[in-house]
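Atoms considered below: every heavy atom in the structure, side chains included; atoms not considered: hydrogens, waters and symmetry mates.
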Amino acid sequence: MKRAAVYLRVSTREQSTAMQRAALEEVATRAGWQIVAVYEDAGISGAKGRDQRPEFDRMLKDATRRRFDVVMAWAIDRLGRSLQHLIACLGDLHAARIDLYLHQQAIDTTTDTGRFFFQMLGAFAEFERSMIRSRVQGGIDRAKADGKRLGRPTIDRQRTHKGKPVKPVDPAAIRASLAAGISIRKAAALHRVGISTVQRVKAAAPA
């Protein structure tokens with residue numbers, strides 16, 4: 001007997017998941033599946049990511065732990081409303097070898113015909129990655145053609161120590177303080193630099 005997990009979601013608190021649940025329970029009974037977990041996100045839009053749907057996130061984590069064999073949902077848009085989110089979700093299920101049943105689309109990957117859905121998913125995922133790479137490279141090429149400088153811009157900021165502006169690090173002065181027997185901590189305070197800076201200067205000093 002397959003262990004089934006039911007995922008339910010409605011976008012507003014005024015809506016109910018009762019109809020979704022009743023239909024999926026009936027399907028599970030006909031198929032001889034045992035429902036071992038129910039995950040419900042009420043009043044949460046499918047456009048939100050996994051991190052904003054706590055039950056959806058818990059379901060995917062349980063999928064990786066193989067706590068069930070098949071996920072049942074009323075329709076594909078219950079899982080997500082963006083192609084990116086859907087591909088990520090379905091990819092996680094497929095990687096965990098968890099089957100999927102979608103009531104409205106009549107998709108059941110426990111059957112030979114339904115497994116084709118996961119094959120198509122892989123093709124769409126690769127297509128999306130290819131399109132993203134093309135857009136990124138196109139943007140880089142246009143920026144170079146326009147003479148724009150790529151990479152993170154440098155920030156000219158004055159160094160501070162405990163909120164006070166300080167002069168640039170003077171390794172020679174720091175080494176002189178250390179040679180005079182001043183401790184690393186006191187040298188850091190004297191030159192208004194961090195202890196780690198003094199330690200680097202000391203380590204870099206010639207033997």
Check the pair Leu93 / Thr109 against side chain to side chain contact (heavy atoms under 4.5 Å, CB included), numbers first and verdict last. CA-CA 11 Å; Leu93 293 178; Thr109 67; over 6 Å; no
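- In this structure, CG on Leu100 lies 13.0 Å from OH on Tyr7, to the nearest 0.5 angstrom.
- At least one side-chain heavy atom of Leu8 sits under 4.5 Å from a side-chain heavy atom of Leu24.
- Within the model, atoms CG of Leu60 and CZ of Arg65 stand 11.0 Å from one another, a figure rounded to the nearest 0.5 Å.
- Interatomic distance, Leu178 CG to Lys186 NZ, rounded to the nearest 0.5 Å: 13.0 Å.
- Taking the charged nitrogens against the carboxylate oxygens, Lys48 and Asp41 have no contact shorter than 4.0 Å, which rules out a salt bridge.
- Taking the charged nitrogens against the carboxylate oxygens, Asp57 and Lys61 do have a contact shorter than 4.0 Å, which makes a salt bridge.
- Counting only distance, with no hydrogens or angles, the side chain of Arg3 and the backbone of Arg66 share a donor-acceptor pair below 3.5 Å.
- The closest side-chain heavy-atom distance from Ile76 to Gln104 is not below 4.5 Å.
- For the pair Arg53 (side chain) and Leu79 (backbone), a donor-acceptor distance under 3.5 Å is present.
- The two atoms that bring His191 and Ser177 nearest to each other are NE2-OG, 2.8 Å, heavy atoms only.
- Heavy atoms only, all atoms of each residue included: Gln15 and Ser11 are closest at OE1-N, 3.0 Å.
- Ion pair Asp69/Lys2 not flagged as a salt bridge, since none of the NZ, NE, NH1 or NH2 atoms sits closer than 4.0 Å to an Asp/Glu carboxylate oxygen.
- The line from CE of Met59 to CZ of Arg67 is 13.5 Å long, rounded to the nearest 0.5 Å.
- The side-chain heavy atoms of Thr110 and Tyr101, taken from C-beta on, include no pair separated by under 4.5 Å.
- One hydrophobic cluster, built from ILVMFWY side chains closer than 4.5 Å, cannot hold both Trp74 and Leu102; they sit in different ones.
- Hydrophobic clustering of Ile, Leu, Val, Met, Phe, Trp and Tyr side chains at less than 4.5 Å, counting indirect connections, unites Ile98 with Val36.
- Residues Leu90 and Ile107 fall within the same hydrophobic cluster, defined by Ile, Leu, Val, Met, Phe, Trp and Tyr side chains chained together at heavy-atom separations under 4.5 Å.
- For Ile182 against Ala187, the heavy-atom pair with the smallest separation is CG2-N, 3.6 Å.
- Using a 4.5 Å cut-off on side-chain heavy atoms (C-beta onward), Ser16 and Val10 make no contact.
- The line from CG of Asp92 to CZ of Arg50 is 5.5 Å long, rounded to the nearest 0.5 Å.
- A 4.5 Å side-chain heavy-atom check between Val6 and Glu25 finds every atom pair outside the cut-off.
- Counting heavy-atom neighbours within 6.0 Å of Arg21 CZ, excluding the residue itself, gives a total of 12 or less.
- Scanning both residues, Ala96 and Ala63, for their nearest heavy atoms gives CB-O, 3.6 Å.
- Through direct or relayed side-chain contacts under 4.5 Å between Ile, Leu, Val, Met, Phe, Trp and Tyr, Ile44 connects to no other residue.
- Looking only at distances, no side-chain donor or acceptor of Thr17 sits under 3.5 Å from a matching main-chain atom of Gln20.
- Residues Val38 and Val70 are members of one and the same hydrophobic cluster, defined by side-chain heavy-atom contacts under 4.5 angstrom among Ile, Leu, Val, Met, Phe, Trp and Tyr.
- For Ala4 against Met72, the heavy-atom pair with the smallest separation is CB-SD, 3.9 Å.
- When all heavy atoms of Arg9 and Arg78 are compared, the pair lying nearest together is O-NH1, 2.8 Å.
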